[in-house]
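For reference, the structure is listed below as structure tokens.
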Amino acid sequence: MMLALVPLMLYQTTSCGANETNEENTADDQTKEAIVITPATPGIGIGRVMPVAEEPNGITVCIDPGHGFMDGGTGDGVLPDGLLEKDITMAIARKLSEDLTMLGYTTIITHDGVNPPPDAVYDSIFNAYERAAYANSITMDYFVSIHVNSSQNTSAEGSRIYYYDSSNKTKKIGGDVAEQLVKAIEKNLPDDPDPMLYDQSLDPYNAFILCNQVNYPSSLVEVGFCTNPNDAKKMVNDAWQEKFAQSLADGIDAYFTEYAE
Ligand SMILES: [Zn+2]
């Protein structure tokens, strides 16, 4: 299957991501003072360092489960069983962490959904600026933020992988990893709609903060559309979550073992 590089805004979609970008991520925001967040003790709350691999490969991946705490994200009334975006993102983030640990990676999850970051600007919401600031305060090789999409168009379906290729070497790696994520999803979930790949540097004013303000190679993954009945049913299914998480792990591993210089 050919990788599809799709122009932005093929049709109107609304998502958690849109909230994080369209209104907040203006040119003015790009220049505002950086937020400094001190990581808490590993193992609690923000910046949980997950169990160490038996044979660490020296590569650290930071996994950000989108939303959490008082911020449920999207999905209210459309995801089965009263689940919300934050439940899906946390489930997949934990599975991805386990999968990567098995492969030798060190993983850090940005939050556990229970203990709000102590220095967060808002009491119970760890917003995109705070997450980017947190990511930039630690050392890692790759950052991935996991989300669930929504759209007024209920036929919109499948996963979307976003990156920001500013032709800066570090940022470009995020795009290279993203390409491997797409290939792995296509291989492991062949019956699913083809994932779509977006380079947000083509539309910088609408780019996700977590793609363009994290100073490490980064991608943002929208797992599927809560507003599409097929996607919604899959996303709450444990076996599907396992396959999707494994696909992300396989894609990350493909980049770092086969393509990294
Ligand atoms: Zn989201």
Side-chain angles (χ1 to χ4, degrees), residues 8-9 11-25 29 46 62-97 109-114 116-117 120-122 124-135 143-154 156-164 174 178 181 185 195-198 200 203 206-214 218-228 231-232 234-236 240-241 244-245 247-248:
L8 294 174
M9 302 303 188
Y11 41 74
Q12 182 67 36
T13 60
T14 57
S15 70
C16 51
N19 291 335
E20 291 168 6
T21 57
N22 293 344
E23 292 178 8
E24 297 175 30
N25 189 17
D29 287 326
I46 181 176
C62 182
I63 305 164
D64 176 43
H67 310 272
F69 314 109
M70 295 294 288
D71 171 16
T74 190
D76 192 16
V78 283
L79 283 173
D81 305 326
L83 294 172
L84 296 171
E85 178 178 6
K86 69 175 180 180
D87 302 309
I88 310 293
T89 64
M90 183 59 74
I92 292 175
R94 289 185 182 283
K95 292 176 192 302
L96 174 58
S97 172
I109 293 189
T110 55
H111 68 88
D112 62 2
V114 177
V121 172
Y122 305 106
S124 303
I125 298 176
F126 190 20
N127 71 28
Y129 290 105
E130 294 165 329
R131 289 173 202 233
Y134 167 68
F143 177 92
V144 59
S145 186
I146 299 170
H147 289 260
V148 169
N149 224 333
S150 66
S151 175
Q152 292 171 341
N153 172 7
T154 57
E157 60 180 357
S159 55
R160 306 281 188 271
I161 318 288
Y162 299 86
Y163 64 100
Y164 194 95
L181 299 183
I185 293 166
M196 294 184 183
L197 192 58
Y198 295 85
Q200 296 206 306
D203 185 16
N206 286 312
F208 290 114
I209 292 155
L210 291 171
C211 283
N212 74 352
Q213 293 198 10
V214 172
S218 61
S219 311
L220 187 145
V221 176
E222 297 273 6
V223 173
F225 284 82
C226 66
T227 40
N228 178 273
D231 277 12
K234 279 186 302 198
M235 286 191 291
V236 301
W240 187 88
Q241 291 174 355
F244 193 87
S247 304
L248 299 181

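As the structure is a prediction and not an experimental result, all values here were calculated from the model. Both ligands and their constituent atoms are indexed starting at 1 by order of listing.
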key: Identity of the N, O or S atom of His67 lying closest to the Zn ion (ligand 1)   =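 The His67 atom nearest to the Zn ion (ligand 1), restricting to N, O or S, is NE2.
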
message = Only N/O/S atoms count here: what is the atom of His147 closest to the Zn ion (ligand 1) called?
response =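 Nearest N/O/S atom of His147: ND1.
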
message = Report whether any nitrogen, oxygen or sulfur of Glu85 sits less than 2.8 Å from the Zn ion (ligand 1) (N, O or S, backbone or side chain).
response =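 For Glu85, the answer is yes, given that an N, O or S atom comes within less than 2.8 Å of the Zn ion (ligand 1).
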
Measure from the side-chain N and O atoms of [X] to the backbone N and O of [Y], and report whether any donor-acceptor pair falls under 3.5 Å.
| X | Y | answer |
| --- | --- | --- |
| Arg160 | Leu220 | no |
| Glu157 | Asn228 | no |
| Thr227 | Ser151 | yes |

key: Tyr134 ring center near His111 ring center (under 6.0 Å)   =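 Centroid distance Tyr134-His111: not below 6.0 Å, so no.
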
